[in-house]
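Working notes, beginning with the structure itself.
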Amino acid sequence: MAQGGVMTKLVVIGQGYVGLPMALRAAEVGLSVVGLDTKRSVVDALNEGRSHIDDITDDELQAGLARGYSASDDPACIAEADVVIVCVPTPLAADGGPDLGAVEGAARTIGEHVRPGTLVVLESTTYPGTTEEVFAPLVTASGLTVGVDVHIAFSPERVDPGNKVYGIQNTPKVVGGLTPACTAAARDFYARFIDTVVEAKGAREAEMAKLIENTFRHVNIALVNEMVRFCHELDIDLWDAIDCAETKPFGFMAFRPGPGVGGHCIPIDPSYLSHRVKARLGYAFRMVELAEEINHAAPLYVATRLWKALNERKIAVNGAKVLLVGVTYKPNISDRRQSPADPLARRLLSLGAELSYHDPLVPKWLIEEGGRVAALSSVEDVYDACGAADIVVLLQPHAIYDIDRLANASPVMLDTRGVAGESGSVVRL
Ligand SMILES: NC(=O)c1ccc[n+]([C@@H]2O[C@H](COP(=O)([O-])OP(=O)(O)OC[C@H]3O[C@@H](n4cnc5c(N)ncnc54)[C@H](O)[C@@H]3O)[C@@H](O)[C@H]2O)c1
């Protein structure tokens, strides 16, 4: 796509789950795109047409390369760019606070190369105030003025890995600039390849919008993960109750219990917000702290229920053959970051269980607990493995699984997702 007859040059910094799809979508509509990443192995693989992201096939990447997309680890390309988008990771630091190292690193690199007239957008999820207080000063370190020489905005990424309905083009994009001119520049840019662009009042509101979305999910998942415990004690099928509640056509949104939360967003982003509230205002964001406590305890509750199910069959956890089925953080994707399978596996190892697992998307899995290390490979035939186990725990119902066949092959199957039909061998969480 050309602006004033000139091809727009875009640099997308960070070529992971968020940055690569964004870069390829922009290339699709005719922008000249460089995907900048500090990992040489990622850059080489991308330029050879090998995708490391579930949502992007090798064919889609190769089509992008043919359209002019390329990957690089040379930040000199920033000096040529009209627009720079930053999609680098924002993990938690060891103390549980925000680790903005990658955001600061990217901003510093931009500051060293950026030329006047560039639009710079931060997309990494972070606490409100980051764009203005941390990002912009590094980007403008050479003396550029925000809103005049360089436009700076925040636009939260809303990618939902594995979602076949909502992708970059049809998911509305929120933009908030440091000045009204920055907001307008970001709006005009994204409107070229995203159907709906929503203007926030400013960067803080755009930053906050993302944290509201993820905190909402975190809190509501915690609500049902707490309810599932007492519903079990009260002999109430919570999944059935939620199915009934969901028939109300207004004022209700269904969340269902599970083995815990995972991924790069839900377990991490609300902590950014609670950390900010504590650091700035000195008090706790109690809803988030409670949700964290409940959702972090969810995998350990699964271990307790496993112990109970084995106990009813007069089998000790120590020495029991336990098969975990689906160890990613959600179905049908290979991302294992923060997967609840890890704390569950560590607890089972510490109790002396003999662990095995099946996951078509995870060929190998290393679990360490205290002095114990289990270097596991996914079992070949999941249905045979169910028959050989003392108990099977269904964690992620990947689409390839025939759930009834899994249940029928298992002596007992602990169904943490409420997806198996009622049969003698199935125990719902
Ligand atoms: N994965 C998701 O589903 C998702 C959804 C919404 C928002 N987000 C947010 O988007 C951001 C990126 O997440 P992701 O999942 O794409 O991460 P990712 O780990 O998949 O990819 C990040 C990439 O950035 C590269 N990188 C790190 N520091 C860099 C630097 N200074 N310069 C250049 N490249 C650098 C890494 O090598 C990596 O390839 C995070 O803030 C995350 O919270 C992620």
Side-chain angles (χ1 to χ4, degrees), residues 11-25 34-47 50-56 61 71-78 81 84-93 98-114 120-127 130-131 134-135 138-139 154-163 166-168 171-174 206-207 209-215 217-218 261-273 328-339:
V11 171
V12 181
I13 304 186
Q15 290 295 280
Y17 283 86
V18 169
L20 180 61
M22 176 58 73
L24 293 180
R25 170 70 191 136
V34 178
L36 188 64
D37 204 290
T38 42
K39 259 194 206 149
R40 187 71 227 171
S41 55
V42 167
V43 169
D44 288 343
L46 291 174
N47 283 330
R50 285 182 285 115
S51 169
H52 60 302
I53 301 300
D54 290 321
D55 285 348
I56 301 291
L61 172 59
S72 172
D73 61 357
D74 181 0
C77 58
I78 293 168
V84 179
I85 297 179
V86 177
C87 306
V88 297
T90 45
L92 292 177
D99 175 356
L100 290 180
V103 169
E104 290 169 342
R108 216 169 274 121
T109 304
I110 297 169
E112 286 162 11
H113 297 274
V114 72
V120 182
V121 186
L122 177 61
E123 291 205 2
S124 303
T125 307
T126 184
Y127 59 77
T130 307
T131 308
V134 180
F135 189 69
L138 294 169
V139 169
F154 183 82
S155 179
E157 182 47 55
R158 284 173 159 170
V159 71
D160 181 19
N163 193 323
Y166 289 104
I168 290 183
T171 304
K173 189 104 176 100
V174 173
E207 291 163 331
K210 172 74 184 175
L211 296 179
I212 296 172
E213 293 165 17
N214 283 349
T215 304
R217 285 187 63 73
H218 197 26
V261 291
H264 197 309
C265 293
I266 307 293
I268 294 174
D269 302 347
S271 304
Y272 266 65
L273 190 51
T328 55
Y329 87 87
K330 71 179 207 176
N332 307 319
I333 61 161
S334 65
D335 194 348
R336 287 207 355 87
R337 292 181 291 182
Q338 316 286 325
S339 170

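Below, each value reflects all heavy atoms present in this structure, side chains not excepted, and no hydrogens, waters or symmetry copies. On a predicted model such as this, the values are computed, not experimentally measured, just so you know. Positions are given from 1 along the sequence. Just follow the structure's listing: the first ligand is 1, and inside any ligand the first atom is 1.
Of all protein heavy atoms, the one closest to atom 21 (O) of ligand 1 is G16 CA, 3.1 Å. At the top of the distance list for atom 2 (C) of ligand 1, counting protein heavy atoms only, stands V159 CG1, 3.8 Å. Looking at atom 43 (O) of ligand 1, its nearest protein heavy atom turns out to be H264 ND1, 3.1 Å. Atom 44 (C) of ligand 1 has its closest protein heavy atom at V18 CG2, 3.4 Å. Atom 19 (O) of ligand 1 has R337 NH1, 3.3 Å as its closest protein atom, hydrogens excluded (heavy atom only). Nearest non-hydrogen protein atom to atom 9 (C) of ligand 1 is T125 OG1, 3.5 Å. Distance from atom 34 (N) of ligand 1 to its nearest protein heavy atom, with residue and atom name: T38 N, 3.4 Å. When hydrogens are left out, the protein atom nearest atom 41 (O) of ligand 1 is T90 OG1, 2.6 Å; that is the closest non-hydrogen contact.
In this structure, N214 contributes its side chain and D269 its backbone to no donor-acceptor pair below 3.5 Å. Not a single donor-acceptor pair under 3.5 Å links the side chain of S339 to the backbone N or O of G262. The backbone N or O of T126 sits nowhere less than 3.5 Å from a side-chain atom of T90 that would complete a donor-acceptor pair. T130 places a side-chain N or O within donor-acceptor distance of the main-chain N or O of Y127, the cut-off being under 3.5 Å.
At a 4.0 Å heavy-atom cut-off, ligand 1 touches C265 through the side chain alone. Heavy atoms of P161 found under 4.0 angstrom from ligand 1 belong exclusively to the side chain.
Each of the following atoms of ligand 1 lies closer than 4.0 Å to a heavy atom of K210: 6 (C), 7 (C). Residue-ligand proximity, I13 to ligand 1, at heavy-atom distances under 4.0 Å covers atoms 32 (N), 33 (C). Which parts of ligand 1 touch A106 is read off a 4.0 Å heavy-atom cut-off, strictly below it: atoms 31 (N). Those atoms of ligand 1 that come under 4.0 Å of a heavy atom in P89, given as number and element, are 19 (O), 22 (C), 24 (O), 27 (C). Using a 4.0 Å cut-off to heavy atoms of A102, the atoms of ligand 1 that qualify are 28 (N), 31 (N). With ligand atoms numbered from 1 in the order given, ligand 1 contributes 23 (C) to contacts under 4.0 Å with heavy atoms of Q15.
K39 places none of its side-chain heavy atoms less than 4.5 Å from the side chain of Q15. For the pair L100 and Y272, the minimum side-chain heavy-atom distance is below 4.5 Å. Annotation: side chain of P161 is in contact with side chain of D55 (closest heavy-atom distance under 4.5 Å). Put simply, the side chain of L24 reaches to within 4.5 Å of the side chain of I56, judged on heavy atoms. The side-chain heavy atoms of Y17 and D335, taken from C-beta on, include a pair separated by under 4.5 Å.
Partners of D160 under the salt bridge (Lys or Arg N to Asp or Glu O under 4.0 Å) rule, at least two apart in sequence or in another chain, are K330.
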Evaluation steps, side chain to side chain donor-acceptor pair (under 3.5 Å), between T131 and E207: CA-CA 8 Å; T131 308; E207 291 163 331; 2.6 Å; yes
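Residue R158 places no heavy atom under 4.0 Å from ligand 1. Under the 4.0 angstrom criterion for non-hydrogen atoms, E123 is not in contact with ligand 1.
Ion pairing between R158 and E213 holds under the 4.0 Å rule for side-chain N and carboxylate O.
For atom 11 (C) of ligand 1, the candidate residues are D37, V11, V88; the nearest heavy-atom contact is made by V88.
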